[in-house]
Amino acid sequence: MFNVTAILKRLVIGRAMRSEELHETLLPKRLALPVFASDPLSSVAYATQEILLVLALGGLAFLHFTPWIAAAVVCLMTVVVLSYRQVVHAYPSGGGSYEVVSTNLGPSAGLVVAASLLVDYVMTVAVSVASGVDNIISALPQLAAHRVLLAIGFVALLTATNLRGVRESGRAFAAPTYLFVGGVLIMVVTGLVRWALGDAPVAESAGYGITPAPADTDLMGPALLMLVLRAFSSGCTALTGVEAISNGVPAFRRPKSANAATTLAVMGFTAVVMFVGVTALALLTKVRVTGDPCRLTGLTVPCSAYTQRTVIAQIAAAVFGGEHSPGFYLIQTVTALVLILAANTAFNGFPLLASLLAQHRYLPHQLHNRGDRLAFSNGILALAFVACLLLWGFRANVTSLIHLYILGVFTSFTLSQLGMVRHWNRELRAAPAPARRHRPHTARAINTVGAVVTGLVLVIVLATKFTQGAWLAVLAAVVLWVMMRGIRRHYDATAAELAVTDPKAELTSPSRVLAVVLVSTLHKPTLRALAYARALRPDRLEALTVSVDRDEAAALRGRWEEYGIEVPLTVIDSPYREVTRPVVEYVRSVRRESPRDIVAVFVPEYVVGRWWENLLHNQSALWLKNRLLFTPGVMVTSVPWQLTSAAHADRPAARAPGSVRRGEPRTAPRRPRRRRRARDAAPPAPRG
């Protein structure tokens, strides 16, 4: 009999891996870049668009602020990358911002960072996938009606790929990421060369005008400043995911810190070049984009029937010769792919951070366990579930989701830089020699600048996005922070309650053991339960049944005496036809009579081989066990009886799919496999 679930799981996830094979999942730099940096690299596809969308609220006249805002974003990116290179070297264990802040600013501040990052990772998946679907719809507008279904389907695909392990996902996502980087760089170079030669590309929307939004018709003084700050905060989406490398240092090959720092530098440089190039082309091609198409003037079709292409789609069409050119479809394909795959940054960062929090008892222990492929499967599934709920709730709309974005990431940026400043202060106090103080001084200066700049950006983001939906992200982070504190208190209280204070007293045997075998009818499972209970040699043994029908109870007692069973049978009358309550009350009454005694209750149960058979058996036993487990001094033992269907069911393998796995596997050196010699493999020669 085939186990269909196990077969499907093996096809999707692959064979289970031994704990000793963890070292085989470590990443070289060429695979680590697409795994951990696909989010900041892919944000190039929509960061410029978000700046233009906000500035367009005031009309065309305000688009001239775009270069200055882009320059501010580039400076911020440089500061953050330099700051996180310090984090990678100082804290290589993979805790990233959470570990830095917890160590230097205290556990409560560390939980603020953790809650913010967990929320932001969920938003990364939702925004990246929704933006990727937008680019698919830009090339194939007929798919617009299936936006939500497409988004959820892509999340499911990402989930299955990540469940196969970090290395497998890196191999799967490397080609699209590198194709996207190469495609965008080719597009930028081609567009700039055409402009330099006097053949500047022109976007399809270049001839349209933009009517200012009604609330933004009089932008002067503070209102103008607020508009520019809003555009800057939207452009800061280019920085999302920068911290993921600092969380994933343990996934790199040795030397881990050096490889992670190099990957971080490559990621920062590449993202800056691409962002500057796309922004420059957006200005040169005169792209026009608004949140409401009806604010565009000069349309040849009704605004309700007009579908705006994304900024990168308009640039690609302008540079490569139209919306039907091979270059346009190439850029749209790789952009959609990399935007969807950008969620992979969160699929690596979220489970790693959740595992660390679970190890510190702030989240359920199950999130610290590795699955079949040595990935943190429970964290991956939890992330996918919440992201799908967001996509469904917001109809996979990027404009609606983007307001909930980047708030958490700048919270972690700011607090981690403050933590690093304190870290370097401690290092300077411990290094009195002048020769050893130069590097900490430089690093502290970098982190101080990073803390000030990211703190200002955090204030800007909070002020400009709070009323537009960011309050939901703040609320989610606060609820998560409170929940994690509650989980920690529960685990601490449980550990204190279960701690051994007096081993001799805990090992003292009970005065007596009173065994009770529950009986519904006289059959083989009942006799097995009686035999098993008797084999344990309790001080007192009795059988217990509940009389719902007096004739059936009398027939049971008659057969009991007929078979000569020496165990006394106690019959409890139940005029209201209840079974569970009379049994529980009887067992509790026995406990009250002898508080120092242990009552062992034996429950005969059927073991079935088909899932639907569970619906037909064991329901009373299940309720009884659940009620008895809450009674102090009562031990409940199930005595199984395998039915024929169970005897023919597949036996579980040694490494059964879905079996419980716990703990962190130890990394062991790989044992070289000895190759069999040809003569060992050959059959013995016949004797002649």
Side-chain angles (χ1 to χ4, degrees), residues 39-60 62-77 120 123-124 126-135 138 184 203 205 210 213 216 226-242 271-272 274-283 285 287-293 295-296 308-315 335-336 338-339 342 394 396-410 457-458 460-470 473:
D39 181 22
L41 292 177
S42 67
S43 62
V44 171
Y46 54 81
T48 301
Q49 176 171 308
E50 293 306 314
I51 295 174
L52 295 176
L53 281 171
V54 175
L55 292 178
L57 293 173
L60 289 177
F62 294 92
L63 295 184
H64 72 276
F65 287 109
T66 303
W68 302 103
I69 294 172
V73 172
V74 168
C75 291
L76 180 61
M77 171 76 83
D120 211 70
M123 294 309 308
T124 295
V127 171
S128 298
V129 171
S131 184
V133 171
D134 265 1
N135 278 274
S138 291
V184 170
S205 60
I210 298 178
D216 298 290
M226 184 60 68
L227 181 72
V228 173
L229 291 179
R230 281 178 59 188
F232 172 69
S233 65
S234 294
C236 287
T237 53
L239 278 77
T240 56
V242 171
V272 165
M274 294 167 65
F275 173 69
V276 170
V278 170
T279 305
L281 285 182
L283 295 173
T285 59
V287 170
R288 307 290 183 253
V289 61
T290 65
D292 180 10
R295 289 179 40 234
L296 292 172
Q308 289 188 101
R309 298 188 192 275
T310 60
V311 167
I312 199 167
Q314 293 190 46
I315 294 173
T335 300
V338 81
L339 281 170
F394 286 87
N397 187 290
V398 178
T399 305
S400 301
L401 289 167
I402 204 75
H403 296 305
L404 284 72
Y405 205 19
I406 77 172
L407 186 65
V409 89
F410 277 99
V457 176
L458 176 60
I460 292 170
V461 171
L462 190 60
T464 57
K465 289 181 173 290
F466 189 82
T467 57
Q468 296 182 344

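Here, residue 1 is the first one in the sequence, and each next residue gets the next number. Quick note: numbers below take in every heavy atom, side chains included, and nothing from hydrogens, waters or symmetry partners.
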For [X] and [Y], which heavy atoms make the closest approach, and how far apart are they?
| X | Y | value |
| --- | --- | --- |
| Ala130 | Ala396 | CB-O, 3.5 Å |
| Val289 | Gln308 | CA-OE1, 3.4 Å |
| Ala271 | Leu41 | N-CD2, 3.9 Å |
| Leu281 | Thr285 | O-OG1, 2.6 Å |
| Cys236 | Leu76 | SG-CD2, 3.7 Å |
| Ala56 | Thr290 | CB-CG2, 4.1 Å |

side-chain contact (heavy atoms from CB on, under 4.5 Å) between Val184 and Ile312, worked out: CA-CA 9 Å; Val184 170; Ile312 199 167; 4.3 Å; yes
Considering residues at least two apart in sequence or located in another chain, which fulfil the side chain to side chain donor-acceptor pair (under 3.5 Å) criterion with Thr66?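 Listed in chain order: nothing, the list is empty.
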Name all residues meeting the side-chain contact (heavy atoms from CB on, under 4.5 Å) criterion together with [X]; count only those two or more places apart in sequence or in a different chain, and write none if there are none.
| X | result |
| --- | --- |
| Gln314 | Ala203, Glu204, Ser205, Val287, Arg309 |
| Leu229 | Leu225, Ile460, Thr464 |
| Ala70 | Phe275, Thr279 |
| Ala231 | Ile51, Val54, Leu55, Ile69 |

From Asp292 CG over to Ile210 CD1, what is the distance, rounded to the nearest 0.5 angstrom?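 Taking CG in Asp292 and CD1 in Ile210, the distance rounds to 11.5 Å.
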Rounded distance (nearest 0.5 Å) linking atom OG of Ser43 with atom CG of Leu239: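 Result: 7.5 Å between the selected atoms.
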Should Leu57 and Phe62 be marked as a side-chain contact (heavy atoms from CB on, under 4.5 Å) after you check the CA-CA gap, both sets of side-chain angles, and the distance that decides it? CA-CA 9 Å; Leu57 293 173; Phe62 294 92; over 6 Å; no
Qualifying residues under salt bridge (Lys or Arg N to Asp or Glu O under 4.0 Å), relative to Arg288, sequence neighbours excluded: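 If we apply the salt bridge (Lys or Arg N to Asp or Glu O under 4.0 Å) test to Arg288, skipping adjacent residues, there are no hits.
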Taking the side chain as everything from C-beta on, heavy atoms only, tell me whether Leu53 gets closer than 4.5 Å to Ser234.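 Result no, sub-4.5 Å side-chain heavy-atom pair not found.
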